[in-house]
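Just below is one structure, and these are the notes that go with it.
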Amino acid sequence: DAAASHADDTSRGERGDDAKRAHPGQTGGEAQQNDQGGVPASSTALSASKHAVVAAAAAEKPSLTPIKLVPAAASIALGLAIRFLLPIPAGVTEQAWSLLSIFVGTIAGIVLAPLPVGAWSMCSVTLALVTKTLTFQQAFSAFTLDVVWLIVSVFFIARAFVKTGLGDRVGFMFARFFGKTTLGLGYALTAAEAIVAPGLPSTAARHGGVMLPVILSLSKACGSDPAKGTEKKMGAYLIQNSLQCCNLTSGIFLTGAAQNLLCARLAEAAGAVGITFGSWLLASCVPGFLALVLTPYVLFKIYPPEVTETPDAPAMAAAQLEEMGPATSGEKITLGVVASLLFLWIFGPGLLGVSAPVTALLGLSALLCSGVISWQDCLQEKGAWDTLLWFSALVGMSAQLETFGIISWLASNVSTTLAGASMSWPMAFTVLHVAYFAIHYLFASQTAHVGALYAAFLAMMVGSGVPVMIAALTLSFSTNLFGAITHYASAQGAVYYGAGYIDLPTWWKVGGIMALFQYGVMFGVGAFWWKAIGLM
């Protein structure tokens, strides 16, 4: 038995040696397993690894995010109802009425959000093309507008603040001096806006190139970041505050917004002669500055940040500044470029004939050539490209509404209604301002609104007995006060919406409430002030 056992062991050893020679690199047991039709351990491990890779790949496949059917159906139904259920008014072409229905459906979709704003806007433009409501050139005409590229450029310039750390440094400096409360930060930013506004009429440049980078850096330094779901901690309030205060600083100063200068020229042609920087400021200063002082506090009450008290923020900011050390070369270059931009935005149009959009492109080129930002950085700036698409789409459709006569038809209807109502001039004054405000929901540009309606509404007011100077100035103030009612109501609105801190329903809700408040102060207090200085 022992001999037999020894023979068996020897035989198994020889078979193992043969198997090793047949399968080099394997153990005898593994080779025998192969010879016997088994599965080696290494093959099992390899198979398990392959299964893990396949499972991981399957897990990483992006999930489908199709259109939300109920919001889409509601938006489309509204557009179809306007197009096919309401009769086309006399004097309005079928093409114009079709465009109005598409535009209203677009706005409804933007509010109800069946798709992201850019995607829904592109679908709307495509519908206008497929139905031959617009030609390709008409639909995409706004993509060449200078204000659109000004907005896109300031997005790229703002990226330099983030990349170099200059934005963090500025944010920590603000937090160091004003950071004990979020409301204090809101007032500090409001003061900065009021100081810059008279010398920088381009609101897109002022907010995209100056205010927004500071707000973003300050918010993220305090832990408020939409990418982390903490946008309401502080940043949403600061952005909404800056946007609302812009309405007032733009209206207080003749040079606070580009559309003010157009208003002054149109008013002079209608008989309101003598509108100067001083006379404008005299009319706006009391109600305007009162509203400006109250706005951060009122907004704080109706749209409070999640973090209101930050007593440790100044010390934390000071420590962070010390840790950052001296400014880097990238920060210095960015600061130099931004300082040059401010100089050219203020003095360039008059001294050198360089417009705000061209100035922004010069600054962007300087940052690209110096290596502060790369073209890859620009490509990754999703907010800029998204804004380019949806803002251009809305501006293009809005401009075509004017071209097709929809805006003049609305103005004519208002005029006819007033003529038949035999209203007193204060009542006509109120009705016309309400109509002037409401129609802006169809506009994606304050300057376009002025060009289309200012002269007509001024003539209607004067014809109703409103003193020409008070009519001209209040219409000018109103043009600025509705700059935040929608995310497309103004260039600065598009800039701030692209930051991603405020969702659309909140934007429209807060925008409407604050517009009522600011109108109430400007016109309620203003009525007494204007009477005191002899305008009424």
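Predicted model only: the values in this text are computed from it and were never measured. Just so you know, these numbers use all the heavy atoms, side chains as well, and skip hydrogens, waters and symmetry mates.
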How long is the straight-line distance from [atom2] of [Y] back to [atom1] of [X], given to the nearest 0.5 Å?
{"X": "Trp120", "Y": "Ile107", "atom1": "CH2", "atom2": "CD1", "result": "11.5 Å"}
{"X": "Leu134", "Y": "Leu129", "atom1": "CG", "atom2": "CG", "result": "6.5 Å"}
{"X": "Ser355", "Y": "Asp146", "atom1": "OG", "atom2": "CG", "result": "6.0 Å"}
{"X": "Ser478", "Y": "Phe437", "atom1": "OG", "atom2": "CZ", "result": "8.0 Å"}
{"X": "Trp280", "Y": "Phe477", "atom1": "CH2", "atom2": "CZ", "result": "6.0 Å"}
{"X": "Leu481", "Y": "Leu248", "atom1": "CG", "atom2": "CG", "result": "6.5 Å"}

Check the orientation of [X] and [Y]. Use parallel for under 30°, tilted for 30 to 60°, and perpendicular for over 60°.
{"X": "Phe443", "Y": "His449", "answer": "tilted"}
{"X": "Tyr497", "Y": "His487", "answer": "tilted"}
{"X": "Phe253", "Y": "Phe289", "answer": "perpendicular"}

Check: [X]/[Y] side-chain N/O donor and acceptor closer than 3.5 Å:
{"X": "Ser279", "Y": "Thr276", "answer": "yes"}
{"X": "Arg169", "Y": "Ser217", "answer": "no"}
{"X": "Ser219", "Y": "Ser224", "answer": "no"}
{"X": "Tyr496", "Y": "Ser242", "answer": "yes"}
{"X": "Thr181", "Y": "Glu309", "answer": "no"}
{"X": "Thr190", "Y": "Asn241", "answer": "yes"}

So, for [X] and [Y], is the gap between ring centers shorter than 6.0 Å?
{"X": "Phe300", "Y": "Tyr297", "result": "no"}
{"X": "Phe156", "Y": "Trp149", "result": "no"}
{"X": "Trp507", "Y": "Tyr303", "result": "no"}

Does the side chain of [Y] come within less than 4.5 Å of [X]'s, by heavy atoms?
{"X": "Arg206", "Y": "Ser250", "value": "yes"}
{"X": "Leu453", "Y": "Val450", "value": "no"}
{"X": "Lys509", "Y": "Met514", "value": "no"}
{"X": "Leu238", "Y": "Met234", "value": "yes"}
{"X": "Met211", "Y": "Gln492", "value": "no"}
{"X": "Ser121", "Y": "Leu115", "value": "no"}
{"X": "Met397", "Y": "Ser124", "value": "yes"}
{"X": "Phe482", "Y": "Tyr519", "value": "yes"}

Test Glu193 against Thr249 for side-chain hydrogen bond (donor to acceptor under 3.5 Å, both in side chains), laying out the working first.
CA-CA 7 Å; Glu193 157 74 7; Thr249 56; 2.5 Å; yes

Using a 6.0 Å cut-off, check whether atom CE of Met122 has over 12 heavy atoms from anything other than its own residue.
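Count over threshold, so yes.
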
Taking NZ in Lys180 as the centre, count heavy atoms belonging to other residues, nucleotides or ligands within less than 6.0 Å. Is the count above 12?
no

Would Glu306 and Lys232 pass as an ion pair if we require N to O under 4.0 Å?
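No, no charged N to carboxylate O under 4.0 Å.
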
